[in-house]
Engineer: 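The structure follows.
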Amino acid sequence: KHQLVFDNGAVDPDREKRWAELFEQLDLNKDGRIDVNELRIVCGTSMGEPEKIVREGDTNHDGQLDFEEFTQCLRTHEKELRLMFRSLDRNNDGHIDLAEIQQSLHNLGVDVSSEQAARILQSMDKDGTMTVDWNEWRDHFLLNPLHNMEDIVHFWKHSLMFDIGEHLTVPDEFSERERRSGVVWRQLMAGAMAGAVSRTGTAPLDRLKVFLQVHGSSTRRISLWSGLRGMVHEGGVRSLWRGNGTNVLKIAPESAIKFMAYEQIKWLMKGSKDGGSLRVQERFIAGSLAGATAQTIIYPMEVLKTRLTLRKTGQYTGMADCAKQILRKEGVWAFYKGYVPNTLGIIPYAGIDLAVYETLKNAWLQHFCVDTADPGVLVLLACGTVSSTCGQLASYPLALIRTRMQAQASVEGGPQLTMLGQFKHIVSREGVPGLYRGIAPNFLKVIPAVSISYVVYEHMKKVLGVGS
């Protein structure tokens with residue numbers, strides 16, 4: 001009852017005195033105001049984002065916090081901390097214990113060992129009881145609003161910043177607040193722009209991959225260099241970017257459809273939009289279904305991209321001409337050639353991408369995370385790159401069969417085969433290595449693609465006003 005009175009706005013003399021003492025400590029030059037540099041000097045690396053604290057509390061926009069702004073900021077934040085504390089304190093005994101920390105992290109998709117949960121607990125436990133009461137929780141997080149349990153999900157978002165040419169990653173989780181504020185669509189736009197620049201930058205390697213998938217064989221050996229040289233010789237340097245326009249155009253609708261489908265599937269699985277985050281297994285199912293939905297709708301663009309990528313000089317005047325010719329010569333169903341292996345490829349890609357990412361994430365958290373969930377940019381890039389590459393490696397044979405089926409009518413004298421027919425044809429002629437034809441340029445483009453998309457993504461987030 002005592003605590004509830006304070007939550008409802010009554011003055012707590014001890015709290016006011018504590019805040020006044022804290023303000024005195026932080027106000028190094030004794031000018032009655034606290035700025036970002038003072039917060040950084042006093043709190044050091046233990047504080048998440050001093051800029052964010054000042055920005056959120058600075059009501060008169062002078063770049064500093066006076067005592068009134070400071071106390072209002074702390075009052076608001078203490079209410080949020082109180083709600084978080086209560087949600088973690090499952091048995092309502094006024095203390096957070098080891099099991100409650102483990103369970104809360106598990107619900108957010110992060111599994112930690114008892115030893116790791118103990119280390120997290122010890123970072124907050126001041127009296128050595130191996131439990132955390134309200135005062136310990138409040139003191140630990142009061143000037144560190146970023147470092148709370150749910151930020152583990154926020155920090156470890158990865159799929160938006162990665163674009164290695166295949167948009168099969170499972171969509172990220174967004175909070176209800178992010179959805180309402182429009183942050184979701186700004187982040188999706190930033191991700192689409194990053195993907196467009198990344199794909200354009202690595203388009204020559206992507207075209208070479210498609211060329212090797214369709215025309216490469218054990219009898220007709222084409223090296224990376226001879227393949228690029230042959231394409232330049234046939235159509236000039238600009239020909240290296242054939243099919244890139246369609247590849248870039250399909251990013252935005254695919255991302256939007258996949259995100260909306262994921263949210264609807266998540267809602268059906270949870271039964272309510274406020275149902276919280278999905279577990280990893282649920283994310284895999286929802287992500288795979290959302291990916292299949294998006295691919296079904298935009299798949300004709302995939303076929304157009306492959307045909308335009310493989311076209312000879314003068315064969316098509318553009319995307320519309322390519323679509324007309326396919327429709328006239330092969331009919332509507334030609335736009336869905338290779339659809340089955342493409343859809344089947346989503347399952348190993350999404351499953352392995354998620355599994356590897358979760359494994360790497362949990363390994364990092366267990367070995368290096370004590371009182372922060374922020375892994376840093378390099379760790380995120382490394383984990384995302386490894387997981388996406390593993391997913392691509394697992395689904396590559398299906399991607400190769402899909403590309404060959406898409407290209408069948410454009411290859412003169414080529415057999416018109418089904419998915420199983422293509423598989424048997426490739427293995428009988430080239431063996432199992434034939435299923436990985438063109439994977440070298442695919443791997444070569446991963447690091448530049450991830451690097452470009454990350455840099456552009458971060459820049460676009462600033463332009464669009466999306467916080468980190």
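In this chain, residues are counted from 1 in sequence order. Heavy atoms only: backbone and side chains are in, while hydrogens, waters and symmetry mates are out.
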Engineer: What's the spacing between L435 CG and I426 CD1 if we round to 0.5 Å?
Structural biologist: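 If I round to the nearest 0.5 Å, the distance is 5.5 Å.
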
Engineer: Is any side-chain heavy atom of R199 less than 4.5 Å from a side-chain heavy atom of K250?
Structural biologist: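 A side-chain contact exists here, since the closest heavy-atom pair is under 4.5 Å.
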
Engineer: Establish, from distance only, whether the side-chain atoms of N244 and T200 form a donor-acceptor pair under 3.5 Å.
Structural biologist: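 Present: a donor and an acceptor within the cut-off.
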
Engineer: Please report the shortest heavy-atom distance between V356 and C390, naming the atom on each side.
Structural biologist: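 Shortest heavy-atom contact: CG2-CB, 4.1 Å.
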
Engineer: Does the pair L304 and I326 meet the rule for a side-chain contact (heavy atoms from CB on, under 4.5 Å), with working shown?
Structural biologist: CA-CA 9 Å; L304 285 174; I326 293 170; 4.0 Å; yes

Engineer: Could you check whether the rings of Y436 and Y396 sit parallel, tilted or perpendicular, using 30° and 60° as the cut-offs?
Structural biologist: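 Y436 vs Y396 ring planes: parallel.
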
Engineer: Taking all non-hydrogen atoms of both residues, which atom of W19 and which atom of T71 are closest, and how far apart?
Structural biologist: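 The answer is CZ3-O, 3.6 Å.
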
Engineer: Check whether any side-chain heavy atom of I298 lies under 4.5 Å from a side-chain heavy atom of I257, and answer yes or no.
Structural biologist: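 Heavy-atom side-chain distance check passes, below 4.5 Å.
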
Engineer: Any ion pair linking R307 and E302 (charged N to carboxylate O, less than 4.0 Å)?
Structural biologist: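 No, E302 and R307 are not salt-bridged.
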
Engineer: So, the side chain of E78 versus the backbone of R75: is there a donor-acceptor pair under 3.5 Å, distance only?
Structural biologist: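 Absent.
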
Engineer: Taking all non-hydrogen atoms of both residues, which atom of G243 and which atom of K305 are closest, and how far apart?
Structural biologist: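 That closest heavy-atom pairing would be O-CG, 3.6 Å.
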
Engineer: Take a 6.0 Å sphere around CZ of F85 and say whether it holds more than 12 heavy atoms from other residues, nucleotides or ligands.
Structural biologist: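 Enclosed: over 12 neighbouring heavy atoms sit under 6.0 Å from CZ of F85.
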
Engineer: Quick one: OH on Y454 to CG on L381, what's the gap to the nearest 0.5 Å?
Structural biologist: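 Result: 6.0 Å between the selected atoms.
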
Engineer: Give a yes or no on whether the backbone of Q213 and the side-chain of R404 come within a donor-acceptor separation of less than 3.5 Å.
Structural biologist: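 Looks like yes, one N/O pair under 3.5 Å.
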
Engineer: Please name the pair of heavy atoms, one in A355 and one in T359, separated by the smallest distance, quoted to 0.1 Å.
Structural biologist: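 Reported closest heavy-atom pair: O-OG1, 2.7 Å.
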
Engineer: Could you walk me through whether F335 and E330 pass side-chain contact (heavy atoms from CB on, under 4.5 Å), step by step?
Structural biologist: CA-CA 9 Å; F335 290 106; E330 304 168 57; over 6 Å; no

Engineer: We want to know whether T296 and Y339 form a side-chain donor-acceptor pair, criterion being a heavy-atom distance below 3.5 angstrom.
Structural biologist: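 There is such a pair between these side chains.
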
Engineer: Between atom CD1 of I347 and atom CD1 of I352, what is the distance when rounded to the nearest 0.5 Å?
Structural biologist: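 Reported to 0.5 Å precision, the distance equals 11.5 Å.
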
Engineer: When you compare the side chain of M301 with that of E254, does any pair of heavy atoms fall below 4.5 Å?
Structural biologist: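 Not in contact.
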
Engineer: Take L398 and Y349 through the side-chain contact (heavy atoms from CB on, under 4.5 Å) test and state the conclusion after the steps.
Structural biologist: CA-CA 10 Å; L398 286 163; Y349 188 105; over 6 Å; no

Engineer: Provide the closest heavy-atom pair for G384 versus Y357 in the form atom of the first, atom of the second, distance.
Structural biologist: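 Result for this residue pair: N-CE1, 3.7 Å.
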
Engineer: Should the pair R242-D206 be classified as a salt bridge under the 4.0 Å nitrogen-to-oxygen rule?
Structural biologist: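 Here R242 does not pair with D206 in a salt bridge, since their nearest N and O are not under 4.0 Å apart.
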
Engineer: Taking the six-membered ring of W134 (Phe, Tyr or Trp), confirm whether the NZ or CZ of R82 is under 6.0 Å from its centre and within 45° of its axis.
Structural biologist: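 Positive - R82 is close enough to the ring of W134 and near enough to its axis.
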
Engineer: Looking just at side-chain N and O atoms, do Q325 and R328 make a donor-acceptor pair shorter than 3.5 Å?
Structural biologist: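 No donor-acceptor contact under 3.5 Å links the two side chains.
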
Engineer: Between CG of L240 and CG of L208, what distance do you get to the nearest 0.5 Å?
Structural biologist: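 If I round to the nearest 0.5 Å, the distance is 9.0 Å.
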
Engineer: Does any non-hydrogen side-chain atom of M189 lie less than 4.5 Å from one of M460?
Structural biologist: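 With C-beta onward as the side chain, the pair stays apart.
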
Engineer: Can a donor-acceptor pair be found, under 3.5 Å and without considering hydrogens, that links the side chain of W241 to the backbone of A203?
Structural biologist: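 Answer holds: no.
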
Engineer: Taking the side chain as C-beta and beyond, is there a heavy-atom pair between D89 and H95 under 4.5 Å?
Structural biologist: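 In short, these two side chains do not touch, never coming nearer than 4.5 Å.
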
Engineer: So do the side chains of I439 and L212 get within less than 4.5 Å of each other, counting heavy atoms only?
Structural biologist: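 SC-SC contact between I439 and L212 ruled out.
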
Engineer: Can you tell if the side chain of R311 reaches within under 4.5 Å of the side chain of L308, non-hydrogen atoms only?
Structural biologist: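 Heavy-atom side-chain distance check passes, below 4.5 Å.
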
Engineer: Measure the spacing between OG1 of T246 and CE of M319 and express it to the nearest 0.5 Å.
Structural biologist: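 Answer for the OG1-CE pair, T246 versus M319, is 3.5 Å.
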
Engineer: Using side chain to side chain donor-acceptor pair (under 3.5 Å) as the criterion, list what pairs up with T59, not counting sequence neighbours.
Structural biologist: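 Side chain to side chain donor-acceptor pair (under 3.5 Å) list for T59, sorted by chain: E69.
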
Engineer: Please check: side-chain N/O of R402 versus main-chain N/O of K337, any donor-acceptor pairing under 3.5 Å?
Structural biologist: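 No; judged by distance alone, with no hydrogens or angles, the pair does not exist.
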
Engineer: Where is the tightest heavy-atom contact between S387 and D353, given as atom of each residue plus distance?
Structural biologist: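 What the structure gives for the nearest pair is OG-OD1, 2.9 Å.
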
Engineer: Taking C-beta and beyond as the side chain, do M405 and P341 meet within less than 4.5 Å on heavy atoms?
Structural biologist: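 Result yes, sub-4.5 Å side-chain heavy-atom pair found.
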
Engineer: Could you grab the distance from atom CG of L360 to atom OG1 of T385, nearest 0.5 Å is fine?
Structural biologist: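 Between L360 CG and T385 OG1, I get 10.5 Å after rounding to 0.5 Å.
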
Engineer: Quick one: does any side-chain atom of T202 pair with a main-chain N or O of L205 as donor and acceptor, under 3.5 Å?
Structural biologist: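 No; zero donor-acceptor contacts below 3.5 Å.
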
Engineer: Please lay out, stage by stage, how N342 and Q295 fare under the test side-chain contact (heavy atoms from CB on, under 4.5 Å).
Structural biologist: CA-CA 8 Å; N342 181 70; Q295 285 288 308; 2.6 Å; yes

Engineer: Between Q406 and Y299, do the side chains contain an N or O donor and an N or O acceptor separated by less than 3.5 Å?
Structural biologist: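 Yes, because at least one side-chain N or O of Q406 sits under 3.5 Å from a partner of the opposite role on Y299.
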
